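Each remark here refers to the structure printed beneath this line.
Proteins come first, then strands; the chains are lettered A, B, ... in the order of their sequence lines, and each starts at number 1. It should be emphasised that the depicted structure is a prediction, and the values quoted were computed from it without experimental measurement.
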Protein chains: 2
Amino acid sequence: MSQDGVDLDKSLAYLLKEASSALRAAMEEVLRPLGMNVTHYACLELLAQRPGLSNSELARGAFVTRQTMNVLLQALEREGDVTRPAEAPVGKVLPTRLTPRGRRRLEKASAAVRSVEVRMLSGLTEPEQAAAFQILQSMIHSLRG
Amino acid sequence: MSQDGVDLDKSLAYLLKEASSALRAAMEEVLRPLGMNVTHYACLELLAQRPGLSNSELARGAFVTRQTMNVLLQALEREGDVTRPAEAPVGKVLPTRLTPRGRRRLEKASAAVRSVEVRMLSGLTEPEQAAAFQILQSMIHSLRG
DNA sequence: AACGCTATGTCAGAATACTGACATGAGTCA
DNA sequence: TGACTCATGTCAGTATTCTGACATAGCGTT
């Protein structure tokens, strides 16, 4: 392998992508035995934190298009993990909610994902984690400004 | 919009994904006028830093499969940005190199990407950037251990 | 009221990346 | 030398996501 101290001049942008990629891979790995993928999980997690979210809001929260989220929601509805009203209570927005079954599946997935996150942070002290939090938020804010 | 202080309990994992997503979007935006995408750019940048990289190595470095990188390399070769020997000098590995044209295209792209990176880091002090570097590397290391 | 503007849900088609599989070459070890 | 393992390049097919487009609903302004 041609690995001759090449990671010395890595940019922060590359490192960010690398970390994100490693995180996603680790999450997919632990979610696969549960029959879920990352987008799957993100959707359920968002619904647990904010019940009644619309398709478009879920899409933005899970970093996919609303078309993609729509097919996922249809599958989740078919499996009985979420429910959506047949008709929109107001406007066109169909508020989605977790079913008890969905909540149970999410619990297992959350535990698995949490273990990954713990592993990711295992080499960092508490203040370092707090620093990471602020640094990432600053990056996000600057990129969107 | 239902934005009621919801980003307070965001996990570091989510923040990492969010930052990575924002970075990618910003990069795609500045690369599009140059007729390139992120994978495109990553490939050329890798070749500039390490001439002679193989298709598989480029794929790993750009976080895609080697099949995907292969079609990209064929396109880049067709456009005259890179060159690959017709036959493998040793084994099956086809070492790829930038052409002068590819190097020129990369220069413009590098400048654009660098401006994005500068913007991303604009809210951080120098020590904070150093901290970010070490934190991300720790995360990557822990996730792969 | 009427007009723009924005956002939503949805349909269809296109683009893109991935999984699976194969033959081949290099390196290792008995 | 021969068997074994691993990595590479490549082919074909599948899956997934995205882009484009449409009708419609809420909101604000005129």
Next on the checklist: I need a per-nucleotide contact map over nucleotides 16-21 of chain D, read 5' to 3'. Cutoff is protein heavy atoms under 4.0 Å; write B for the base, S for backbone only, - otherwise.
Outcome noted: -SSBBB
Next on the checklist: If you compare every side-chain N and O of B:N70 against the phosphate oxygens of D:dG9 (OP1, OP2), does one of them come in below 4.0 Å?
Outcome noted: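 So the side-chain polar atoms of B:N70 never come under 4.0 Å of the phosphate oxygens OP1 or OP2 of D:dG9.
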Find the distance [X]:[atom1] to [N]:[atom2] and express it as a whole number of Å.
| X | N | atom1 | atom2 | result |
| --- | --- | --- | --- | --- |
| B:L72 | C:dA17 | CG | C1' | 12 Å |
| B:E87 | C:dG25 | CD | P | 11 Å |
| B:E28 | C:dT16 | CD | P | 11 Å |
| B:R32 | C:dA15 | CZ | P | 16 Å |
| A:L94 | D:dT24 | CG | P | 16 Å |
| A:K92 | C:dG9 | NZ | P | 8 Å |
| B:M69 | D:dT10 | CE | P | 13 Å |
| B:L58 | D:dA7 | CG | P | 17 Å |

Pair up each side-chain donor or acceptor in residues 26-39 of chain B with any protein partner under 3.5 Å, not counting sequence neighbours, and list the distances.
residue : atom : partner : partner atom : Å
B:E28   : OE2  : B:R24   : NH1          : 3.3
B:N37   : OD1  : B:T39   : N            : 3.1
B:N37   : OD1  : B:H40   : N            : 2.7

Item to check | Any residue meeting ring-ring contact (aromatic ring centres under 6.0 Å, His included) with B:F63, in chain and number order, not counting sequence neighbours | outcome: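 Per chain and number, B:F63 pairs via ring-ring contact (aromatic ring centres under 6.0 Å, His included) with A:Y14.
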Next on the checklist: Between B:L44 and B:L76, is there a side-chain heavy-atom distance shorter than 4.5 Å?
Outcome noted: yes
Next on the checklist: Could you tell me if the side chain of B:E18 sits less than 4.5 Å from the side chain of A:R144, heavy atoms only?
Outcome noted: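 Yes, side chains in contact.
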Next on the checklist: Using the side-chain heavy atoms of B:V93, tell me which of these nucleotides is nearest: C:dT10, C:dG9, D:dT8.
Outcome noted: D:dT8
Next on the checklist: Please evaluate residues B:R50 and B:E57 with respect to the criterion salt bridge (charged side-chain N to carboxylate O under 4.0 Å, His left out), reporting the C-alpha separation (whole Å), side-chain torsions for both, the decisive distance (0.1 Å), and the verdict.
Outcome noted: CA-CA 10 Å; B:R50 301 203 246 158; B:E57 290 170 318; 5.6 Å; no
Checklist entry - Does any N or O in the side chain of A:S20 come within less than 3.5 Å of the main-chain N or O of A:K17, such that one atom is a donor and the other an acceptor? => result no
